[in-house]
Amino acid sequence: MAGKVIKIERLSPRDGAVEEPELSAKGYCLGDPKFGAEKHHAKNAVFAKTLDEAAELVSAGFSLRMVGNGKRASLVSPKSLRIVRD
């Protein structure tokens, strides 16, 4: 396995504020690209228990739900994210 994940960053956060992956009781929420325009629907959500699992899915083309600065969570495409490893 690759190095330990430090964080997943949004390249262009809304309002320039720091955004981070949203962690819920089910884990980190991702959108499966096979669902196309409906990947943001709750019924199509995929959950990763760890940030490392989420990073692997982002690397495979999954979108990741990000939150920050009091903004509502937003599903962010993998091309708009950067995975930072040690």
Colleague: Can you list everything that forms a side chain to side chain donor-acceptor pair (under 3.5 Å) with Ser77? Sequence neighbours excluded, please.
Modeller: Ser80

Colleague: Check Gly31 against Leu75 and note the closest heavy-atom contact, atom names and distance.
Modeller: N-CD1, 3.9 Å

Colleague: Who passes salt bridge (charged side-chain N to carboxylate O under 4.0 Å, His left out) against Glu19, sequence neighbours left out?
Modeller: Arg10, Arg14

Colleague: Considering non-hydrogen atoms only, spot the tightest contact between Ser63 and Lys39 and give its length.
Modeller: OG-CE, 3.4 Å

Colleague: In this structure, would Leu23 and Ile8 fall into the same cluster of hydrophobic residues linked by side-chain contacts under 4.5 Å?
Modeller: yes

Colleague: Side chains of Glu56 and Ile83, heavy atoms from C-beta outward: is any pair under 4.5 Å?
Modeller: no

Colleague: When the side chains of residues 65-73 are checked against the rest of the protein, which donor-acceptor pairs come out under 3.5 Å, sequence neighbours left out?
Modeller:
{"unit_1": "Lys71", "atom_1": "NZ", "unit_2": "Asp15", "atom_2": "OD2", "d": "2.7"}

Colleague: Identify the heavy atoms of Leu30 and Phe62 that sit nearest to each other, and give their distance.
Modeller: CD2-CB, 3.9 Å

Colleague: For Arg85 and Asp52, work out which heavy atoms get closest and say how close.
Modeller: NH1-OD1, 3.5 Å

Colleague: Using 0.5 Å steps for rounding, measure from the CD atom of Glu20 to the CG atom of Leu64.
Modeller: 11.0 Å

Colleague: Can you give each donor-acceptor pair under 3.5 Å made by side-chain atoms of residues 42-51, sequence neighbours left out, with the distance rounded to 0.1 Å?
Modeller:
{"unit_1": "Asn44", "atom_1": "ND2", "unit_2": "Glu38", "atom_2": "O", "d": "2.9"}
{"unit_1": "Thr50", "atom_1": "OG1", "unit_2": "Glu53", "atom_2": "N", "d": "3.0"}

